[in-house]
Amino acid sequence: SVLRQNYPAMKKWMEYVQHTAENEQLEGYELFDEPRKLRQRYLWNTGFHFGDWLIPSMCMPKSKDDTVDMLGTAFKTKDIVAPAYYAFNSNLMAQIAQILGEKEDECHYRELNEKIRQAFIEEYLQEDGTFTADFQGIYVIALQMNLIPNERRQKTIDHLVQMIRDNGYRLDTGFLSIPFLMDVLTQNGHKEIAYRLLFQTQCPSWL
């Protein structure tokens, strides 16, 4: 009943995001080749978003005289986080439509999700499984939202784990990626890393 009551609002939100992705272009769009122009229709990467807000390494002053640029995390992650959530939400909408018996909508959202996912991979993911936005949270979000093809998934997981090790087994995730951090590690064979993060007492950490 909750899904049914809110379904029209959910659809309106998705229609807004889809319209924005299809009709707003990045700066320099006219210089893109045709394949890149085509995939922009499925990437919600214009306008302002908070991205993976409040990444510790970007927000914590290194000394008492440091000036902190709180918007830095937004501008360095927004163009990849918003398309990832567009994919995530289209997948959720397909599941909700299935539950509610909205067959036509279910087909629409499943097809949309596949197109967003493919566009995301082509636009942002490199052959070695890394992203140019090289932050722990970007890998966590992409892995959680099934935006890594199977043949590159292990490379992406290995890179995330190495980033955590290089950071002294401390988290460096923003507010959108942090809820998924432990699940991503444990579901991909790194329970011991998850426990080291959980019981870490150096800042930044839960303890």
Side-chain angles (χ1 to χ4, degrees), residues 17 20-21 24-29 31-32 36-37 39-90 116-149 152-153 155-185 193 197 200 202-206:
V17 176
T20 304
E24 293 186 8
Q25 284 90 38
L26 290 171
E27 185 178 347
Y29 172 83
L31 302 176
F32 295 174
R36 192 178 183 198
K37 282 183 178 178
R39 66 176 173 262
Q40 297 308 306
R41 291 177 53 81
Y42 303 104
L43 297 172
W44 186 30
N45 56 7
T46 57
F48 180 79
H49 305 273
F50 280 94
D52 197 22
W53 185 240
L54 302 181
I55 296 173
S57 63
M58 297 179 65
C59 296
M60 293 171 60
K62 304 297 186 293
S63 71
K64 62 179 178 145
D65 299 320
D66 270 3
T67 301
V68 176
D69 178 15
M70 298 297 285
L71 285 175
T73 53
F75 288 114
K76 290 189 177 181
T77 62
K78 68 183 181 69
D79 290 348
I80 192 168
V81 169
Y85 268 84
Y86 186 23
F88 182 61
N89 289 341
S90 61
I116 297 168
R117 183 176 184 271
Q118 188 58 40
F120 182 95
I121 291 167
E122 291 174 359
E123 184 77 5
Y124 302 114
L125 185 64
Q126 301 178 102
E127 285 299 320
D128 64 356
T130 65
F131 295 98
T132 52
D134 196 33
F135 303 101
Q136 285 183 23
I138 297 300
Y139 296 95
V140 169
I141 287 170
L143 287 162
Q144 176 70 22
M145 297 177 184
N146 192 31
L147 294 170
I148 310 290
R152 278 181 266 180
R153 190 174 179 87
K155 291 179 181 178
T156 302
I157 294 162
D158 291 344
H159 185 74
L160 170 62
V161 169
Q162 190 59 52
M163 292 180 81
I164 293 169
R165 287 183 177 132
D166 291 345
N167 199 45
Y169 293 94
R170 290 172 293 177
L171 58 83
D172 197 35
T173 37
F175 87 125
L176 283 180
S177 58
I178 191 69
F180 307 123
L181 175 60
M182 304 297 279
D183 289 343
V184 164
L185 290 170
I193 302 291
L197 279 175
Q200 175 65 261
Q202 291 186 320
C203 186
S205 68
W206 283 288

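Tested against Leu160, the residues Ile157, Asp158, Ile164 include a single side-chain contact (heavy atoms from CB on, under 4.5 Å) partner, Ile164.
For CD of Gln162, the number of neighbouring non-hydrogen atoms (other residues, nucleotides, ligands) closer than 6.0 Å is greater than 12.
Of all heavy-atom pairs between Val184 and Val140, the closest is CG2-O, 3.6 Å. Looking at every heavy atom in both residues, Arg39 comes nearest to Glu123 through NE-OE1, 2.6 Å. Across Thr130 and Asp128, no two heavy atoms sit closer than the pair OG1-OD1, 2.6 Å. For the pair Leu197 and Leu171, the tightest heavy-atom approach, listed with the atom from each and the gap, is CD2-N, 3.3 Å. Annotation for Gln200 and Ser205: closest pair O-OG, 3.0 Å, computed over non-hydrogen atoms.
For an aromatic pair to be called close, the ring centres must be under 6.0 Å apart, and Tyr86 with Tyr42 fails this.
Shown here are the side chain to side chain donor-acceptor pair (under 3.5 Å) partners of Gln144, two or more places apart in sequence or in another chain: there are none.
Side chain to side chain, Gln40 and Glu24 fail the donor-acceptor criterion of an N or O pair below 3.5 Å. Checked by atom type, the side-chain pair Tyr124/Asp79 shows no donor-acceptor distance below 3.5 Å.
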Q: Using the side chain to side chain contact (heavy atoms under 4.5 Å, CB included) rule, take Asn89 and Trp44 through it: C-alpha gap first, then chi angles, then the decisive distance, then the call.
A: CA-CA 12 Å; Asn89 289 341; Trp44 186 30; 5.7 Å; no

Q. For Tyr139 and Met163, what are the C-alpha separation, side-chain angles and deciding distance, and is it a side chain to side chain contact (heavy atoms under 4.5 Å, CB included)?
A. CA-CA 10 Å; Tyr139 296 95; Met163 292 180 81; 3.7 Å; yes

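Looking only at side-chain heavy atoms (C-beta outward), Ser177 and Ile138 stay at 4.5 Å or farther from each other. Side-chain contact between Leu176 and Tyr85 is present, with heavy atoms from C-beta onward closer than 4.5 Å.
Ring planes of Phe88 and Phe180: perpendicular class, angle over 60° (limits at 30 and 60°).
Cation-pi geometry between Lys76 and Phe135 is not satisfied (NZ or CZ under 6.0 Å from the ring centre, within 45° of the ring normal).
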